[in-house]
Participant: 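So that we are looking at the same thing, I have put the structure below in structure tokens.
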There are 2 protein chains.
Amino acid sequence: MNQKSRTKAGEAQGPTVIIVDDDDDMRGALANLFNSVGLEAVVFGSAQELLAAKFPETPSCLVLDIRLPGISGLEFQGQLAKLGIDVPIVFMTGHGDIPMSVRAMKAGAVDFLSKPFRDQDMLDAVATAIERDRTRRTSMQSVQALRDNYQSLTAREVEVMRYVTKGLLNKQVAGEMGLAEITVKIHRGNVMRKMVARSLADLVRMAETLGMHQSA
Amino acid sequence: MNQKSRTKAGEAQGPTVIIVDDDDDMRGALANLFNSVGLEAVVFGSAQELLAAKFPETPSCLVLDIRLPGISGLEFQGQLAKLGIDVPIVFMTGHGDIPMSVRAMKAGAVDFLSKPFRDQDMLDAVATAIERDRTRRTSMQSVQALRDNYQSLTAREVEVMRYVTKGLLNKQVAGEMGLAEITVKIHRGNVMRKMVARSLADLVRMAETLGMHQSA
DNA sequence: GTTGCCAGCATACGAAGGTTTAGGTCCTCC
DNA sequence: GGAGGACCTAAACCTTCGTATGCTGGCAAC
């Protein structure tokens with residue numbers, strides 16, 4: 001009795017706005033608003049319902065009322081972050097205050113609108129949020145491809161990759177690892193092949209993207 | 001106990017808070033508050049006065065009242081950004097509203113406090129802002145050093161650096177530039193020396209930091 | 001027990017990287 | 001006009017890279 005939208009749940013094709021509000025009229029009005037500009041909309045009455053559903057595969061964003069049944073929008077924001085769900089959020093509120101808005105923005109919200117808001121303001125906020133999610137998804141995809149390749153490396157290969165992308169010569173790597181230089185060369189060749197790196201420069205950039213040299 | 005007086009601009013030794021408020025009492029109270037925790041404070045009555053002065057060399061931040069003589073704090077924030085002055089800002093206001101706070105936070109403000117605020121909230125915000133500025137300064141310094149080296153390169157050397165860090169072999173670079181391979185090697189050696197790069201991996205990372213391969 | 005994968009090493013060789021020495025032209029600045 | 005710098009090239013020489021071939025051994029899965 002929850003998913004009430006113009007779109008079949010989970011079948012979203014285009015950019016999708018996920019609306020969470022306990023007011024049924026508001027949900028409908030927002031869904032209409034977004035549909036009117038070609039955005040798909042999925043609606044939920046509570047945070048729990050949203051968590052039970054699956055997120056769209058397309059660029060999307062959340063439109064959250066601050067006051068939700070059982071949990072505040074701000075808490076929900078933190079909860080999503082903890083779950084590693086990094087979808088842009090546009091907040092709206094009927095009776096919010098400045099500390100509330102500041103907290104939301106600090107936590108990364110795209111916008112924080114007071115009801116009543118102008119339709120255009122909401123559309124602008126959502127457009128920004130969708131665009132942010134699109135960018136995030138694109139970069140996540142390429143990073144994921146890298147990570148997949150990276151995980152196909154053996155422990156030794158990872159070690160060699162680390163040293164090589166740090167700038168060490170094969171013979172130096174061999175010294176560090178207590179191996180013969182020829183063995184390092186073999187591993188290195190495997191790394192290049194598995195990571196699909198066409199040059200050392202490539203590999204260095206991959207190592208950067210994977211955060212192989214940052215302290216932690 | 002220790003009654004440190006307000007520091008004059010330019011004398012700052014430690015982290016410094018730059019206060020801009022048209023209320024003299026407020027300025028004094030804030031300066032005392034910051035002094036009490038070991039932070040130096042510089043005060044101004046208007047944005048114009050601040051711009052006329054020189055910014056501290058130490059990690060610092062702005063504490064701005066939204067309502068300033070002649071210009072709003074938000075406009076001033078935008079003005080600073082346009083001038084390339086990227087100092088963290090903590091806003092405070094007596095009668096602000098949510099849109100105002102959201103706009104400030106979107107523009108990168110560290111915090112937005114409503115008067116009256118608790119001293120601790122202000123101190124926390126300022127501590128965060130100072131820390132952010134410290135990080136920014138540190139990274140700016142290393143980037144600046146890189147940029148200095150980069151600007152000592154000749155046009156040809158820049159070109160070679162671009163190709164090499166893209167992953168091209170010397171002979172390929174030579175082909176692209178219509179040069180003999182040996183010439184590329186010479187340029188490449190000069191690049192390594194001038195950029196103080198100890199390995200190709202180093203140079204690739206420098207090129208990344210300098211944004212040599214991003215679209216523009 | 002055979003197959004497959006990981007790890008390691010040696011020899012060998014061609015390709016690529018890097019430096020030195022030694023030229024040369026062109027241009028600018030004093 | 002000469003000094004200096006950017007730019008280009010060559011020959012020579014050494015190092016490093018990368019790969020192939022061949023072989024050993026450990027280990028887990030089928």
Side-chain angles (χ1 to χ4, degrees), chain A residues 144-213, chain B residues 144-213:
Chain A
Q144 193 50 51
L146 266 193
R147 237 189 284 277
D148 289 347
N149 293 338
Y150 181 70
Q151 281 182 341
S152 77
L153 299 182
T154 68
R156 279 315 220 187
E157 286 161 358
V158 166
E159 214 173 338
V160 168
M161 177 171 172
R162 197 180 300 274
Y163 283 125
V164 164
T165 54
K166 227 176 83 180
L168 271 66
L169 300 179
N170 285 341
K171 75 161 62 169
Q172 293 172 319
V173 177
E176 293 288 332
M177 294 177 64
L179 297 177
E181 188 181 341
I182 183 65
T183 308
V184 173
K185 287 185 181 182
I186 307 291
H187 285 319
R188 183 171 180 159
N190 290 338
V191 169
M192 295 298 284
R193 190 172 37 75
K194 289 188 181 178
M195 295 299 292
V196 199
R198 290 183 329 292
S199 64
L200 176 59
D202 259 18
L203 195 68
V204 171
R205 268 184 286 270
M206 291 176 185
E208 286 293 293
T209 303
L210 291 169
M212 292 185 73
H213 297 300
Chain B
Q144 193 51 50
L146 265 195
R147 236 189 285 276
D148 288 348
N149 292 338
Y150 181 69
Q151 282 184 337
S152 76
L153 299 182
T154 67
R156 279 315 219 186
E157 285 161 358
V158 166
E159 214 171 338
V160 168
M161 177 171 173
R162 197 179 300 273
Y163 283 125
V164 164
T165 54
K166 225 175 87 180
L168 273 66
L169 301 179
N170 285 340
K171 77 161 59 168
Q172 293 173 317
V173 177
E176 292 288 333
M177 294 178 64
L179 297 177
E181 188 181 340
I182 181 67
T183 308
V184 173
K185 287 186 180 182
I186 304 294
H187 285 319
R188 183 171 180 159
N190 289 338
V191 169
M192 294 299 284
R193 191 170 36 74
K194 289 188 181 178
M195 294 299 292
V196 198
R198 290 182 331 291
S199 66
L200 177 59
D202 259 18
L203 195 67
V204 170
R205 269 185 285 269
M206 290 176 185
E208 285 295 293
T209 303
L210 291 169
M212 291 185 75
H213 298 301

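Chain identifiers are assigned alphabetically (A, B, ...) following the order of the sequence lines, protein sequences preceding nucleic acid strands; residue numbering begins at 1 within each chain.
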Participant: Compare the minimum distances between each of D/dT9, D/dT16, D/dT19 and the side chain of B/Ile182, then state the nucleotide with the smallest one.
Facilitator: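 Nucleotide nearest to B/Ile182's side chain: D/dT9.
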Participant: Does B/Leu200 reach a base, just sugar-phosphate, or nothing at all? Heavy atoms under 4.0 Å.
Facilitator: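 No contact.
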Participant: Nearest-nucleotide wise, let me know which of B/Ser152 and B/Ile186 is further upstream toward the 5' end of DNA chain D.
Facilitator: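 Checking each residue's closest nucleotide, the 5'-ward one belongs to B/Ser152.
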Participant: Do the side chains of A/Arg156 and A/Leu179 get nearer than 4.5 Å, heavy atoms only?
Facilitator: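 Contact flag for A/Leu179/A/Arg156 side chains = yes.
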Participant: Please check the phosphate of C/dA7 (OP1 and OP2 only) for any side-chain N or O of A/Thr183 closer than 4.0 Å.
Facilitator: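 It does not, given that no N or O in the side chain of A/Thr183 lies less than 4.0 Å from OP1 or OP2 of C/dA7.
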Participant: Could you tell me the separation between the CD atom of B/Glu181 and the C1' atom of D/dT9, rounded to a whole number of Å?
Facilitator: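 So the CD-C1' distance, B/Glu181 to D/dT9, works out to 13 Å.
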Participant: Answer yes or no: does a side-chain N or O of B/Lys171 lie under 4.0 Å from OP1 or OP2 of C/dA15?
Facilitator: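 False: B/Lys171 side-chain N/O out of range (4.0 Å or more) of C/dA15 OP1/OP2.
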Participant: Over all heavy atoms of both residues, which pair between A/Gln172 and A/Gly167 is shortest? Give the atoms and the distance, please.
Facilitator: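 So the two residues come closest at OE1-O, 4.4 Å.
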Participant: Rounded off to whole Å, could you give me the CZ-to-P distance for the B/Arg193 and C/dT20 pair?
Facilitator: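 From B/Arg193 CZ to C/dT20 P: 10 Å.
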Participant: Round to a whole Å and report the spacing from CE of A/Met177 to C1' of C/dC9.
Facilitator: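 The distance from CE of A/Met177 to C1' of C/dC9 comes to 14 Å, rounded to the nearest Å.
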Participant: Is any side-chain nitrogen or oxygen of B/Thr154 closer than 4.0 Å to OP1 or OP2 of D/dC7?
Facilitator: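 Yes, such a contact exists.
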Participant: OP1, OP2 of C/dG18 versus side-chain N and O of B/Arg188: anything below 4.0 Å?
Facilitator: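 Yes, B/Arg188 has a side-chain N/O under 4.0 Å of OP1/OP2 on C/dG18.
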Participant: What's the separation between atom NZ in A/Lys194 and atom CG in A/Asp148, rounded to the nearest 0.5 Å?
Facilitator: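 Here the rounded value is 13.5 Å.
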Participant: Whole angstroms only, please: what is the NZ-C1' distance between B/Lys194 and D/dC7?
Facilitator: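 Those two atoms, NZ and C1', are 11 Å apart.
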Participant: Taking the axis from the first five pairs and the axis from the last five, what angle separates them in the helix from C/dG1-D/dC30 to C/dC30-D/dG1, rounded to 10 degrees?
Facilitator: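 Taking five pairs per end, the axes differ by 40°.
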Participant: Look at A/His187 and C/dG8 and indicate whether a side-chain polar atom (N or O) is within less than 4.0 Å of OP1 or OP2.
Facilitator: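 Yes, A/His187 has a side-chain N/O under 4.0 Å of OP1/OP2 on C/dG8.
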Participant: Without decimals, in angstroms, what is the distance between A/Asn190 CG and D/dG18 C1'?
Facilitator: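 Distance, rounded to whole Å: 12 Å.
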Participant: Rounding to an integer number of Å, can you tell me how far A/Leu168 CG sits from D/dC17 P?
Facilitator: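 Nearest whole value for this atom pair: 10 Å.
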Participant: Compare the minimum distances between each of D/dG18, D/dA10, D/dC8 and the side chain of B/Arg156, then state the nucleotide with the smallest one.
Facilitator: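 Looking only at side-chain atoms, B/Arg156 lies closest to D/dC8.
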Participant: Just how far, in rounded Å, is C1' of D/dG5 from CG of B/Leu153?
Facilitator: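 Atom-to-atom, B/Leu153 to D/dG5, this comes out as 15 Å.
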Participant: Please report the distance, rounded to the nearest Å, between NZ in A/Lys185 and P in C/dT11.
Facilitator: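 The distance from NZ of A/Lys185 to P of C/dT11 comes to 13 Å, rounded to the nearest Å.
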Participant: Roughly how far, to the nearest 0.5 Å, is CZ of A/Arg147 from CE of A/Met206?
Facilitator: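 Output value for this atom pair is 13.5 Å.
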Participant: For A/Arg162, is there an ion pair with A/Glu159 - N to carboxylate O distance below 4.0 angstrom?
Facilitator: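 Not counted as a salt bridge, because no side-chain N and carboxylate O are separated by less than 4.0 Å.
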Participant: Taking only the side-chain nitrogens and oxygens of A/Asn170, find out if one of them lies under 4.0 Å from OP1 or OP2 of D/dC17.
Facilitator: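 Yes, A/Asn170 has a side-chain N/O under 4.0 Å of OP1/OP2 on D/dC17.
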Participant: Have a look at A/Leu168 and tell me which of A/Val184, A/Val160, A/Val173 forms a side-chain contact (heavy atoms from CB on, under 4.5 Å) with it.
Facilitator: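 Answer after filtering A/Val184, A/Val160, A/Val173: A/Val173.
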Participant: Check whether any side-chain heavy atom of A/Leu146 lies under 4.5 Å from a side-chain heavy atom of A/Arg205, and answer yes or no.
Facilitator: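 A side-chain contact under 4.5 Å is absent here.
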Participant: Just wondering, do B/Asn149 and B/Val196 contact through their side chains at under 4.5 Å, heavy atoms?
Facilitator: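 When only atoms from C-beta onward are counted, B/Asn149 and B/Val196 do touch, with a gap below 4.5 Å.
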